[in-house]
Amino acid sequence: MTDTPNDPRTDSPTALVVGVTGIAGSALADRLVDQGWPVLGLSRRAPAERPGVTALQADLTDADALRDVLADVRPTHVFLTAWARQDTEEENIRVNGGMVRDLLAALSPGGSVQHVALMTGLKHYLGPFEAYGKGETPDTPFHEDEERLPYPNFYYEQEDRLLEAAARDGFTWSVHRAHTVIGAALGNAMNMGQTLAAYATLCRETGSPFVFPGSQTQWDGLTDMTDAGLLAEQMVWASTEPAAADTAFNTANGDVFRWRWLWPLLAARLGVQPEGYAGSPRPLEEQMAGAAPRWREVADREGLREADLDRVASWWHTDADLGRDMECLTDQARSRAAGFTGYRSTLDCFLALFDRLEADRVVPAPR
């Protein structure tokens, strides 16, 4: 009998990217394909064709659908990047913890899984949406061994379900706590770089300044971010590096910056006039209220890929990140000590993303 790439008896690795249409999932699929991995891409909606990726479609909240679609696949490495925002943290826990539990249960009978990498984020240290930054938080920079906060948190639930499955099935695991991720993905719920590009487009249309929407703490303080490509690089590294097994890692670019330095540089690239913090936050959800019809006009005139502004920009998420009234900065020593040396310039990541969004006709280039 000839072994196939999905046969657990062969040493050939096969990746399953869960959430392949998202910011992190797309970057993971690209990196894995470039490295020659057979890649299975699982998503709720039918993804666009991607060379080197076998598309699988299932609702991650439907345990029966997951069992059906995963019955005949044998991935060795699983990359979990999907989540579904709910109205309350109780529902976030039920739905997102259930997704991890049910997906790994569906894969369990095949016995092929060697490693599972789970993407989470800094709400691990800052608290869930309902208590975001409102109570006592750890000192910066955040370290991976901080005690959990005394709030229900779907990230904690996801980690617990991951460790439960690892103990049952004998695979190794890694958790990747990313800061705000810079990347390209239409319809994504947390997408600052793309949101700022759309915001700048509407500022150019109306002749309005490119107003920093957040707090004075974020404007003046140090922070960091995470490029989707860097996140993918770390997740793939951790899945194959023995020193990274059974470990949680912070994931950020490796540089730090202040928004008061970066904001004018982004504005210059986007062809808008910057305006910094001026006494109080000016949230994008308020600035951009009623902007959808204008975006549709721009999309029709410029031949953009997406005329629905809600699928391009996530005002609420950018407001949440830039409106925080505490410093957010992560320590990278754990991954460095284990051998991961990936680095990105955050400014260069933004500039490269804007180039890509214009080339892909997601936003128009400045004239």
Side-chain angles (χ1 to χ4, degrees), residues 17-32 78-85 92 96 100 116-129 132-133 137-138 140-146 153-156 158-159 162 173-185 188-195 218 222-239 244 247-257 314 317-318 320-322 324 327-336 338 340-346 349-350 352-353:
V17 178
V18 182
V20 72
T21 59
I23 296 176
S26 295
L28 270 164
D30 289 345
R31 182 169 188 85
L32 290 161
V78 180
F79 301 90
L80 286 166
T81 69
W83 76 291
R85 188 186 182 198
N92 276 326
N96 292 284
V100 173
V116 177
L118 171 68
M119 172 192 173
T120 63
L122 293 200
K123 287 188 291 298
H124 186 96
Y125 308 113
L126 296 170
F129 290 118
Y132 191 61
T137 57
T140 55
F142 301 135
H143 297 83
E144 294 93 340
D145 57 1
E146 305 284 359
N153 190 319
F154 82 86
Y155 283 164
Y156 303 162
Q158 287 183 311
E159 285 193 9
L162 171 64
W173 56 269
S174 57
V175 173
H176 303 265
R177 298 172 186 161
H179 200 168
T180 305
V181 179
I182 309 168
N188 191 271
M190 300 193 296
N191 199 334
M192 181 187 286
Q194 197 166 281
T195 295
Q218 292 303 307
L222 287 172
T223 192
D224 56 17
M225 293 184 73
T226 307
D227 178 67
L230 185 282
L231 172 60
E233 183 181 338
Q234 191 194 70
M235 293 180 77
V236 175
W237 163 80
S239 75
T247 308
F249 295 104
N250 290 331
T251 311
N253 287 340
D255 65 350
V256 297
F257 65 93
S314 48
H317 175 255
T318 298
D321 271 9
L322 297 183
R324 294 178 296 204
E327 185 177 72
C328 296
L329 193 64
T330 58
D331 180 79
Q332 303 296 304
R334 177 178 287 183
S335 61
R336 298 290 185 261
F340 181 74
T341 58
Y343 169 86
R344 300 288 191 280
S345 157
T346 299
C349 291
F350 270 111
L353 174 61

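This structure is a prediction, so every number in the text was calculated from the model and none was measured.
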### Message
One pair to check against side-chain contact (heavy atoms from CB on, under 4.5 Å): Q194 and I23. What are the steps and the verdict?
### Response
CA-CA 10 Å; Q194 197 166 281; I23 296 176; over 6 Å; no
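- Shown here for A27 and G229, the closest heavy-atom pair between the two residues is CB-N, 4.1 Å.
- Scanning both residues, T81 and V18, for their nearest heavy atoms gives OG1-O, 2.7 Å.
- Listed for the N96 side chain is a donor-acceptor partner under 3.5 Å among the backbone atoms of A84.
- Among all heavy-atom pairs drawn from W173 and A248, the shortest one is CZ3-N, 3.9 Å.
- The distance from atom NE2 of H176 to atom CH2 of W237, rounded to the nearest 0.5 Å, is 8.0 Å.
- No side-chain heavy atom of T247 sits less than 4.5 Å from a side-chain heavy atom of E144.
- Partner of T330 under the side-chain hydrogen bond (donor to acceptor under 3.5 Å, both in side chains) criterion, out of T251, D224, N250: D224 alone.
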### Task
Verify side-chain contact (heavy atoms from CB on, under 4.5 Å) between R177 and F142, making sure each step is shown before the conclusion.
CA-CA 10 Å; R177 298 172 186 161; F142 301 135; over 6 Å; no
### Task
Walk me through it: do F340 and L230 pass the test side-chain contact (heavy atoms from CB on, under 4.5 Å)?
CA-CA 11 Å; F340 181 74; L230 185 282; 3.9 Å; yes
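- Between E233 and R344 there is a salt bridge, since a side-chain N of the basic residue sits under 4.0 Å from a carboxylate O of the acidic one.
- No side-chain donor-acceptor contact under 3.5 Å links T223 to the backbone of L329.
- A side-chain donor-acceptor contact under 3.5 Å links R324 to the backbone of D321.
- Shortest non-hydrogen contact noted between A185 and G22 is CB-C, 3.6 Å.
- A donor-acceptor pair is defined here as one N or O able to donate and one able to accept, closer than 3.5 Å; such a pair exists between the side chain of T195 and the backbone of S314.
- Atom CG in D227 sits 10.0 Å away from atom CZ in F350 (nearest 0.5 Å).
- The two residues Y125 and H143 have their closest heavy-atom pair at CE2-O, 3.3 Å.
- Side-chain contact between E327 and L222 is present, with at least one heavy-atom pair separated by less than 4.5 Å.
- Taking the side chain as every heavy atom from C-beta outward, L231 and M235 approach each other to under 4.5 Å.
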### Task
Under the side-chain contact (heavy atoms from CB on, under 4.5 Å) rule, what do M119 and V181 come out as? Steps first, then yes or no, please.
CA-CA 11 Å; M119 172 192 173; V181 179; 3.8 Å; yes
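- In this structure, the side chain of R336 engages the main chain of G342 through a donor-acceptor pair within 3.5 Å.
- The SG atom of C349 sits 9.0 Å away from the CE atom of M225 when rounded to the nearest 0.5 Å.
- A distance of 9.0 Å separates CG in N153 from CD in E159, rounded to the nearest 0.5 Å.
- Here the straight-line distance linking atom SG of C328 with atom CG of L122 works out to 6.5 Å at 0.5 Å rounding.
- A distance of 8.0 Å separates OG in S174 from CG in L162, rounded to the nearest 0.5 Å.
- Partner of T346 under the side-chain hydrogen bond (donor to acceptor under 3.5 Å, both in side chains) criterion, out of T226, N253, T180: N253 alone.
- Between H124 and Y156, the ring center distance clears the sub-6.0 Å criterion.
- Only one option out of L353, L322, I182 pairs with M192 in a side-chain contact (heavy atoms from CB on, under 4.5 Å); it is L322.
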